[in-house]
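What's counted below: heavy atoms across the whole structure, side chains too, no hydrogens, waters or symmetry copies. Predicted, not measured: the structure shown is a model, and the values here were computed from it.
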Number of protein chains: 2
Amino acid sequence: MPSQSSVDAKIEQLLTYMRSAGLKRTRQRELVARVVLGDNQHAKVEEIYAAARRIDPRVGYSTVYRTLRILKDAGLVVELQFGDGLTRYEPELGEHHHDHLICTSCRKIVEFESEEIEARQAEIAREHGFRVDSHKHELYGLCPDCQ
Amino acid sequence: MPSQSSVDAKIEQLLTYMRSAGLKRTRQRELVARVVLGDNQHAKVEEIYAAARRIDPRVGYSTVYRTLRILKDAGLVVELQFGDGLTRYEPELGEHHHDHLICTSCRKIVEFESEEIEARQAEIAREHGFRVDSHKHELYGLCPDCQ
DNA sequence: ATCACTGCAAATTATTTGCAACGCA
DNA sequence: TGCGTTGCAAATAATTTGCAGTGAT
């Protein structure tokens with residue numbers, strides 16, 4: 001899990017973003033941001049909501065959704081959909097992006113990263129004239145335990 | 001667009017699958033299957049429904065959804081979600097799988113494929129002991145026109 | 001004849017929005 | 001003080017399901 005100081009640094013980025021966008025700093029927004037940024041377990045919205053309320057129950061679902069959008073717009077979190085109808089969020093790690101291996105039976109999620117793939121990807125985008133700013137790469141199948 | 005005969009061949013596969021699963025061949029199922037298998041433009045459910053009804057209005061939304069699930073279970077179509085809340089379907093091409101470049105501004109979708117990435121992917125799955133049977137690889141950004 | 005399938009309408013589920021009260025700056 | 005923000009409840013929107021009637025084998 002991310003260190004306290006790395007979360008603080010991201011909160012700082014968030015505040016800068018909010019200032020530039022004319023958004024206000026509020027207890028709820030900071031709470032939700034700390035919950036999501038402090039845990040990279042592909043949290044479901046419901047889990048984020050529950051975890052935030054455990055710390056301070058004065059937060060509503062709408063605020064969680066609205067704050068997640070702000071965090072996404074600020075480029076601090078990534079939105080993921082693994083095909084089970086639930087949207088998940090995890091902190092954007094900036095440095096090395098990672099992708100996912102998903103077990104279609106037990107729903108276990110394993111992360112992986114490959115510089116080789118990232119490089120080839122960039123090349124493909126260039127060939128098509130695209131300016132890519134995010135990507136998703138997911139492999140679905142059975143994990144060792146479920147085979 | 002796929003040739004008539006290649007669609008026929010897939011319908012044949014579908015019938016075999018349905019027989020083995022104890023499912024019945026019906027006018028509606030074959031109609032929906034022909035619509036989806038005969039067009040690989042990442043069709044939205046609504047478009048599939050509309051296209052099917054244009055040919056024969058005796059089909060309901062539930063049947064479209066139910067048939068799409070059968071086609072997916074039979075491995076004949078792939079389900080795609082590009083983050084705009086709409087689920088899309090396209091025929092599974094078996095031979096070379098392709099992936100997508102998506103413009104976040106105009107929603108244009110460009111396909112690409114890379115043997116190099118596929119190979120590296122297989123290697124990664126093997127390293128983690130996963131038996132992968134499908135994957136999604138999507139690059140999001142701005143297309144040349146929207147930059 | 002049997003048992004799966006169909007369409008419709010109602011139910012479900014994730015997410016968004018209207019709005020009056022509230023709280024940063 | 002003023003305008004953005006909040007939580008609630010109601011509204012949406014995509015998908016699923018219950019059920020009585022229909023149809024394939």
Taking a hydrophobic cluster as the set of Ile, Leu, Val, Met, Phe, Trp and Tyr residues connected by side-chain heavy atoms closer than 4.5 Å, whether directly or through intermediates, do [X] and [Y] fall within one such cluster?
{"X": "B:Val32", "Y": "B:Leu80", "value": "no"}
{"X": "B:Val78", "Y": "B:Val45", "value": "no"}
{"X": "B:Ile109", "Y": "B:Ile48", "value": "no"}
{"X": "A:Tyr140", "Y": "B:Val77", "value": "no"}

Could you list the donor-acceptor pairs under 3.5 angstrom formed between side-chain atoms of residues 66-75 of chain B and any protein atom two or more places apart in sequence or on another chain?
unit_1  : atom_1 : unit_2  : atom_2 : d
B:Thr67 : OG1    : B:Thr63 : O      : 2.7
B:Lys72 : NZ     : B:Glu79 : OE1    : 3.4
B:Lys72 : NZ     : B:Glu79 : OE2    : 3.2

Whole-Å distance between [N] [atom2] and [X] [atom1]?
{"X": "A:Asp84", "N": "D:dT15", "atom1": "CG", "atom2": "P", "value": "14 Å"}
{"X": "A:Tyr49", "N": "C:dT13", "atom1": "OH", "atom2": "C1'", "value": "16 Å"}
{"X": "B:Glu30", "N": "C:dT6", "atom1": "CD", "atom2": "C1'", "value": "16 Å"}
{"X": "A:Leu86", "N": "C:dT12", "atom1": "CG", "atom2": "P", "value": "18 Å"}
{"X": "A:Lys44", "N": "C:dT15", "atom1": "NZ", "atom2": "C1'", "value": "17 Å"}
{"X": "B:Arg53", "N": "C:dT6", "atom1": "CZ", "atom2": "C1'", "value": "12 Å"}
{"X": "A:Ile70", "N": "C:dT16", "atom1": "CD1", "atom2": "P", "value": "13 Å"}
{"X": "B:Tyr61", "N": "C:dC8", "atom1": "OH", "atom2": "C1'", "value": "14 Å"}

Inset, instruction - Any chance you could pull the hydrophobic cluster mates of A:Phe112, using side-chain heavy atoms under 4.5 angstrom and chaining through other members? - result: A:Leu101, A:Val110, A:Ile117, A:Ile124, A:Phe130, A:Val132, A:Leu139, B:Leu101, B:Val110, B:Phe112, B:Ile117, B:Ile124, B:Phe130, B:Val132, B:Leu139

Set of residues satisfying side chain to side chain contact (heavy atoms under 4.5 Å, CB included) with respect to [X], sequence neighbours excluded:
{"X": "A:Glu118", "result": "A:His97, A:Asp99, A:Gln121, A:His135"}
{"X": "A:Asp84", "result": "A:Leu86, A:Arg88, A:Arg107"}
{"X": "B:Asp8", "result": "B:Gln4, B:Arg34"}

Inset, instruction - Return the minimal non-hydrogen interatomic distance between A:Leu37 and A:Val7, and the atom names on each side. - result: O-CG2, 3.9 Å

Inset, instruction - Assign a letter to each nucleotide of nucleotides 17-25 of chain C from its 5' end: B, base within under 4.0 Å of a protein heavy atom; S, sugar-phosphate only; -, no contact. - result: BB----BBS

Inset, instruction - Output yes when B:Glu123 and B:Arg126 qualify as a salt bridge under the 4.0 Å nitrogen-oxygen rule, no when they do not. - result: no

Legend entry - Residue list, ring-ring contact (aromatic ring centres under 6.0 Å, His included) with A:His100, at least two apart or on another chain: A:His42, A:Phe82, A:His98

Legend entry - ring-ring contact (aromatic ring centres under 6.0 Å, His included) against B:Tyr49, all qualifying residues, sequence neighbours excluded: B:Tyr61

Legend entry - For DNA chain C, the residues among residues 72-82 of chain A that have a non-hydrogen atom under 4.0 Å from it: none

Legend entry - Distance test, side-chain N/O of A:Tyr65 to OP1/OP2 of C:dT16, below 4.0 Å: no

Inset, instruction - Look at the side-chain N and O atoms of B:Thr87 and state whether any lies under 4.0 Å from the OP1 or OP2 oxygen of D:dT15. - result: yes

Inset, instruction - Can you pull out how bent the helix from C:dA1-D:dT25 to C:dA25-D:dT1 is, comparing the axes over its first five and last five pairs, to 10°? - result: 40°

Legend entry - Residue pairs fulfilling side-chain hydrogen bond (donor to acceptor under 3.5 Å, both in side chains) with at least one residue in residues 15-27 of chain B, sequence neighbours excluded: B:Arg25-B:Glu30

Give me the distances for all protein-to-nucleotides 20-22 of chain D N/O pairs that come in under 3.5 Å?
none

Inset, instruction - Let me know, please, whether A:Pro57 or B:Glu46 comes out on the 5' side of the other along DNA chain D by nearest nucleotide. - result: A:Pro57

